[in-house]
Chemist: 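Mind looking over this structure? Questions follow.
Every value quoted in this text rests on a predicted model; they were computed, and no experiment measured them. Lettering follows sequence order; numbering is per chain, from 1.
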Amino acid sequence: MPLSFFNTLSGKVEEFKPLEAGRVRMYTCGPTVYDYAHIGNFRTFVFQDILRRHLKYRGYQILHVMNVTDVDDKTIANSQAAGVPLREFTTRYIQAFQADRELLNLETPELVVRASDHIPDIVKVIQTLIEKGYAYASEGSYYFRVQKFSDYGKLSKLDFSGMRVGARVDADKYEKDSARDFALWKTAKPGEPAWDTPLGRGRPGWHIECSVMAMKYLGETFDIHSGGSDLIFPHHENEIAQSESATGKPFARYWLHSEHLIVNGEKMSKSAGSFYTLRDLVAKGYKPTAIRYLLASVPFRKPLNFTFDGLRQAEQSLDRLRNFLYRLSHEQFSPGENPQLAKHANETRAEFEAALDDNLNTAEALAAVFNLVRDANTAMDRGEFREGDKAFFANVLERWEEIFAVLKDDDYDKLRKGGYLQERHVAAPPLEPERNREGILQLGTLSDEQIEDSIREREQARRQADYARADRIRQELLEAGILLEDTKGGTRWKRK
RNA sequence: GGCGCGGUACCCAAGUGGUAAGGGAGAGGUCUGCAAAACCUUUAUGCGGGAGUUCGAUUCUCCCCCGCGCCUCCA
């Protein structure tokens with residue numbers, strides 16, 4: 001099957017063919033930076049990351065633009081509440097967002113652009129819309145006249161003919177000719193940030209920034225646009241209306257939307273205590289790579305029910321893969337090659353590639369690799385694995401990792417460098433008094449040297465057949481979050 | 001009410017008109033000083049419910065039930 005995606009616009013899985021051979025122009029809706037992003041947001045961002053990684057894997061050169069909404073009602077309200085100027089306030093959250101992205105191994109798009117840096121571009125497009133009769137002014141604000149755009153509703157499949165106006169009454173309703181019209185430009189309100197422009201003093205509406213920035217960097221027609229399913233209406237519908245009215249050309253060709261993450265079967269909510277940021281989960285001791293694994297493991301078109309049990313399962317699954325990787329790199333095998341294994345390795349690569357081509361079926365891509373791992377482990381246990389097979393397996397896993405980016409166990413280093421571990425000085429469970437006094441057995445605080453010292457101590461005890469002491473050391477380390485495994489090649493340790 | 005996404009074993013989850021991938025968890029076993037890891041065996045005559053089409057449906061059609069989302073704040 002050729003590379004195919006479910007396109008919201010057509011409602012079908014379609015073969016993907018970019019406008020320009022070998023090149024993909026892609027726009028993704030990024031965060032509104034009024035607070036830390038939550039794991040529901042990251043579900044979408046992980047999906048977008050898998051998307052861009054797979055496109056790269058398939059040899060496309062990518063130009064990926066992600067916006068940051070840094071001027072809207074929420075950013076203004078929160079910055080004012082914090083007593084910090086808007087620009088400074090949003091910059092803080094952009095930095096926090098980038099730090100979270102790095103923890104989750106999300107690649108940085110070629111361009112990350114801020115709405116507030118594009119005011120003149122926005123004004124120009126609004127002026128075009130006014131000239132073409134799609135926009136009108138009212139009390140200092142400008143609105144898009146939805147009725148003028150006959151294709152309105154083609155993305156969301158909403159039928160507006162004869163539909164009564166929704167129960168929710170917008171504050172701007174009486175300024176608009178029609179309740180469905182939406183703001184392109186909002187006139188300045190006292191005390192709010194505003195720009196002096198030919199349109200008057202004010203700020204952009206929400207939707208226009210994406211139309212403007214996407215077209216500025218990607219052209220009037222580009223390949224892929226994506227975001228969470230809640231953006232289909234009104235945000236993306238309005239982007240299409242504005243952009244296509246301004247240019248007379250199709251806007252984005254493929255629209256990809258990820259389904260939402262829910263928590264314990266319900267929408268995340270602060271009042272229900274089910275609202276989690278990445279930091280919240282890290283503070284609870286979960287690894288970012290396990291979180292990425294969980295978010296990536298469910299195909300993007302399926303709602304993902306987040307539970308802590310599910311997160312623990314993800315950790316276990318990931319450990320299985322990492323354990324195999326460890327065996328692969330640390331065990332010695334007899335010389336030669338096992339042709340059957342090499343064949344299986346190559347087949348596995350074809351399988352996970354085909355799975356991803358099929359609308360990014362990550363679950364199937366995972367299954368292919370687990371099947372290979374099981375068979376390789378079996379071969380290793382039976383002595384049928386050969387030194388020459390290593391390369392095939394390493395290659396398959398490396399290729400797989402280009403997409404999933406979860407195998408490298410560098411969470412601890414990244415968390416420490418990012419200052420995340422400061423929140424993790426949790427008191428260790430009861431331990432031997434003299435060790436506890438040293439203060440070195442707190443969770444996540446043992447250095448590699450300290451761990452290796454303890455392991456040497458235990459090795460000595462084992463040689464002397466003092467298993468009680470050896471087991472005690474192992475238990476202490478375990479309580480400090482360090483797991484030991486005695487392998488043929490010596491004792492291996494890892495951070496739980 | 002309209003539109004959309006789902007409902008597969010204890011949990012997560014793939015998938016197909018021809019008889020259910022994979023992961024986690026549990027149980028038994030092998031290995032190990034013991035663990036851990038790994039391996040082997042085992043856990044859905046069943047795929048929300050009902051009717052229909054068919055030689056045959058979990059997979060197609062219709063109706064119904066349930067969960068989630070959207071219907072101008074929302075990834």
Chemist: Taking only residues two or more places apart in sequence or in another chain, which ones pass side-chain contact (heavy atoms from CB on, under 4.5 Å) with A:A296?
Modeler: A:V46, A:I50, A:F404
Chemist: Distance check, P atoms only: B:U32 and B:U45, in whole angstrom units.
Modeler: 38 Å
Chemist: Of the nucleotides B:A75, B:A38, B:C40, which one has an atom closest to the side chain of A:R327?
Modeler: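 Selected nucleotide: B:A38.
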Chemist: Choosing from B:G15, B:A75, B:C70, which nucleotide comes nearest the side chain of A:M268?
Modeler: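 Selected nucleotide (nearest to the side chain): B:A75.
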Chemist: Please determine, for B:U54, whether a Watson-Crick or G-U wobble partner exists with both distances under 3.5 Å, and give it or none.
Modeler: none
Chemist: With a 3.5 Å limit on both atom pairs, tell me what B:C5 is paired to, counting Watson-Crick and G-U wobble, or say none.
Modeler: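 Result: B:G67.
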Chemist: Does the structure show A:H260 stacking with B:A75, if we require the centres to be closer than 5.5 Å and the planes to be within less than 30 degrees of parallel?
Modeler: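 The ring of A:H260 is stacked on B:A75.
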Chemist: Rounding to the closest angstrom, what is the interatomic distance between B:U59 and B:U53 at atom P?
Modeler: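 Comparing P positions in B:U59 and B:U53 gives a spacing of 15 Å.
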Chemist: Please pick, from B:A75, B:C68, B:A36, the nucleotide with the shortest atom-to-atom distance to any side-chain atom of A:I262.
Modeler: B:C68
Chemist: Just how far, in rounded Å, is C1' of B:A38 from CG of A:L328?
Modeler: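 For the pair A:L328 CG and B:A38 C1', the rounded distance is 14 Å.
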Chemist: OP1 or OP2 of B:A36 sitting under 4.0 Å from any side-chain N/O of A:N323?
Modeler: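 For B:A36, neither OP1 nor OP2 has a side-chain N or O of A:N323 closer than 4.0 Å.
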Chemist: Donor-acceptor pair, distance only, cut-off 3.5 Å: does the side chain of A:S116 make one with the backbone of A:V71?
Modeler: no
Chemist: With RNA chain B as reference, determine whether A:V298 or A:S229 sits nearer its 5' end, using the nearest nucleotide of each.
Modeler: A:V298
Chemist: B:A38, B:A75, B:A13: which one has an atom nearest the side-chain heavy atoms of A:D230?
Modeler: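 Nearest listed nucleotide: B:A75.
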Chemist: Return the residues of residues 35-48 of chain A meeting this criterion: a heavy atom under 4.0 Å from some atom of RNA chain B. Order them by number, or give none.
Modeler: A:H38, A:G40, A:N41, A:T44
Chemist: Can you pull out every salt bridge (Lys or Arg N to Asp or Glu O under 4.0 Å) where at least one residue sits in residues 349-378 of chain A? Sequence neighbours excluded, please.
Modeler: A:R58-A:E353, A:R58-A:D357
Chemist: Considering every strand shown, what is the Watson-Crick or G-U wobble mate of B:A25 when both distances are under 3.5 Å?
Modeler: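 Partner of B:A25: B:U43.
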Chemist: B:C12 and B:C40: how far apart are their C1' atoms, nearest whole angstrom?
Modeler: 24 Å
Chemist: When all nucleic acid strands are considered with a 4.0 Å heavy-atom cut-off, which category describes A:P31: base, sugar-phosphate, or nothing?
Modeler: nothing
Chemist: Specify whether A:F182 and A:F144 have parallel, tilted or perpendicular ring planes, treating 30° as the upper limit for parallel and 60° as the lower limit for perpendicular.
Modeler: parallel
Chemist: Expressed in angstrom and rounded to an integer, what is the separation of A:F306 atom CZ from B:G6 atom P?
Modeler: 22 Å
Chemist: Side chain of A:E259 only, please: which of B:G4, B:A75, B:C71 is the nearest?
Modeler: B:G4
Chemist: Quick check: closest heavy atoms across A:F97 and A:A37, and the distance to 0.1 Å?
Modeler: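 Result for this residue pair: CD1-CB, 4.1 Å.
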Chemist: Sequence neighbours excluded, which residues qualify as side-chain contact (heavy atoms from CB on, under 4.5 Å) partners of A:S297?
Modeler: A:Y293, A:L294, A:L366
Chemist: Would you mind reading off the distance between A:R301 atom CZ and B:C68 atom C1', rounded to a whole angstrom?
Modeler: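 One finds 14 Å between C1' of B:C68 and CZ of A:R301, rounded.
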Chemist: Is the A:F308-A:Y276 ring centre distance short of 6.0 angstrom?
Modeler: yes
Chemist: With sugar-phosphate meaning primed atoms plus P, OP1 and OP2, does A:S258 contact a base, only sugar-phosphate, or nothing at under 4.0 Å between heavy atoms?
Modeler: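 It contacts nothing in the nucleic acid.
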Chemist: If I pick the C1' atom on B:C39 and the same atom on B:G48, what distance separates them, to the nearest angstrom?
Modeler: 37 Å
Chemist: With rounding to the closest Å, how many angstrom separate the P atoms on B:G1 and B:U8?
Modeler: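 Comparing P positions in B:G1 and B:U8 gives a spacing of 24 Å.
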Chemist: A:F275: which residues meet the ring pair (Phe, Tyr, Trp, His ring centres under 6.0 Å) condition with it, sequence neighbours left out?
Modeler: A:H38
Chemist: Taking only side-chain nitrogens and oxygens of A:N305, does any of them come within less than 4.0 Å of OP1 or OP2 of B:G67?
Modeler: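 For B:G67, OP1/OP2 do not have a side-chain N/O of A:N305 under 4.0 Å.
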Chemist: For A:Y34, check ring pair (Phe, Tyr, Trp, His ring centres under 6.0 Å) against everything at least two apart and list the hits.
Modeler: none
Chemist: Can you tell me which residue pairs pass the side chain to side chain donor-acceptor pair (under 3.5 Å) test with a partner in residues 96-109 of chain A, sequence neighbours excluded?
Modeler: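 Residue pairs passing side chain to side chain donor-acceptor pair (under 3.5 Å), neighbours aside: A:R52-A:E107, A:K56-A:E107, A:Q98-A:E102, A:Q98-A:T108, A:D100-A:R279, A:D100-A:Y420, A:N105-A:K414.
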Chemist: Consider the side chain of A:T32, meaning its heavy atoms from C-beta on, and name the nucleotide among B:A75, B:C40, B:A13 that approaches it most closely.
Modeler: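 Of B:A75, B:C40, B:A13, B:A75 is nearest to the side chain of A:T32.
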Chemist: So, A:Y36 versus A:Y93, ring centres under 6.0 angstrom or not?
Modeler: yes
Chemist: Figure out the CG/P separation between A:D358 and B:A14, and round it to whole Å.
Modeler: 12 Å
Chemist: Going 5' to 3' along nucleotides 19-33 of chain B, which nucleotides have protein heavy atoms under 4.0 Å from the base (write B), which only from the sugar-phosphate (write S), and which from neither (write -)?
Modeler: --BSBSS-------B
Chemist: My understanding is that a pair needs two contacts under 3.5 Å, Watson-Crick or G-U wobble. By that rule, which nucleotide pairs with B:C34?
Modeler: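 Per the H-bond distance test, none.
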Chemist: Rounded to the nearest angstrom, tell me the gap between atom CE in A:M380 and atom P in B:C40.
Modeler: 14 Å
Chemist: Looking only at atom C1', what distance separates B:G7 and B:G15, rounded to whole Å?
Modeler: 16 Å
Chemist: Can you tell me which residue pairs pass the salt bridge (Lys or Arg N to Asp or Glu O under 4.0 Å) test with a partner in residues 302-312 of chain A, sequence neighbours excluded?
Modeler: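 Not a single pair qualifies under salt bridge (Lys or Arg N to Asp or Glu O under 4.0 Å).
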Chemist: By side-chain contact (heavy atoms from CB on, under 4.5 Å), which residues pair with A:S79, not counting sequence neighbours?
Modeler: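 A:L86, A:F89.
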Chemist: Within the 4.0 Å heavy-atom criterion, would you say A:L294 contacts the bases, only the backbone, or no part of the nucleic acid?
Modeler: nothing
Chemist: How far, in whole Å, is B:C62 from B:C68 if one measures between their P atoms?
Modeler: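 One P to the other, the span is 25 Å.
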Chemist: Does B:A14 have its OP1 or OP2 closer than 4.0 Å to a side-chain nitrogen or oxygen of A:K302?
Modeler: yes
Chemist: Does A:T378 have a side-chain nitrogen or oxygen under 4.0 Å from the phosphate oxygens OP1 or OP2 of B:C40?
Modeler: yes
Chemist: What parts of residues 4-12 of chain A reach RNA chain B, counting only heavy atoms under 4.0 Å away?
Modeler: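 The answer is none.
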Chemist: Rounding to an integer number of Å, can you tell me how far A:F300 CZ sits from B:A13 P?
Modeler: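 My rounded result for the distance is 16 Å.
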Chemist: Do you see a donor-acceptor pair shorter than 3.5 Å between the side chains of A:R492 and A:N323?
Modeler: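 Indeed, the side chains of A:R492 and A:N323 share at least one donor-acceptor pair under 3.5 Å.
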Chemist: Provide, to the nearest angstrom, the distance between the CG atom belonging to A:N377 and the P atom belonging to B:C40.
Modeler: 9 Å
Chemist: Identify the nucleotide, in any strand shown, that forms a Watson-Crick or G-U wobble pair with B:U59, with both distances under 3.5 Å; if there is none, say none.
Modeler: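 Looking at the geometry, B:U59 pairs with no nucleotide.
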Chemist: Measure the distance from CG on A:L483 to P on B:A35 and round it to the nearest whole Å.
Modeler: 15 Å
Chemist: Using the side-chain contact (heavy atoms from CB on, under 4.5 Å) criterion, which residues pair with A:Q95? Sequence neighbours excluded.
Modeler: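 Partners of A:Q95 by the side-chain contact (heavy atoms from CB on, under 4.5 Å) criterion, ordered by chain and then number, come out as A:T91.
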Chemist: Which value, in whole Å, describes the distance between the P atoms of nucleotides B:U61 and B:G6?
Modeler: 14 Å
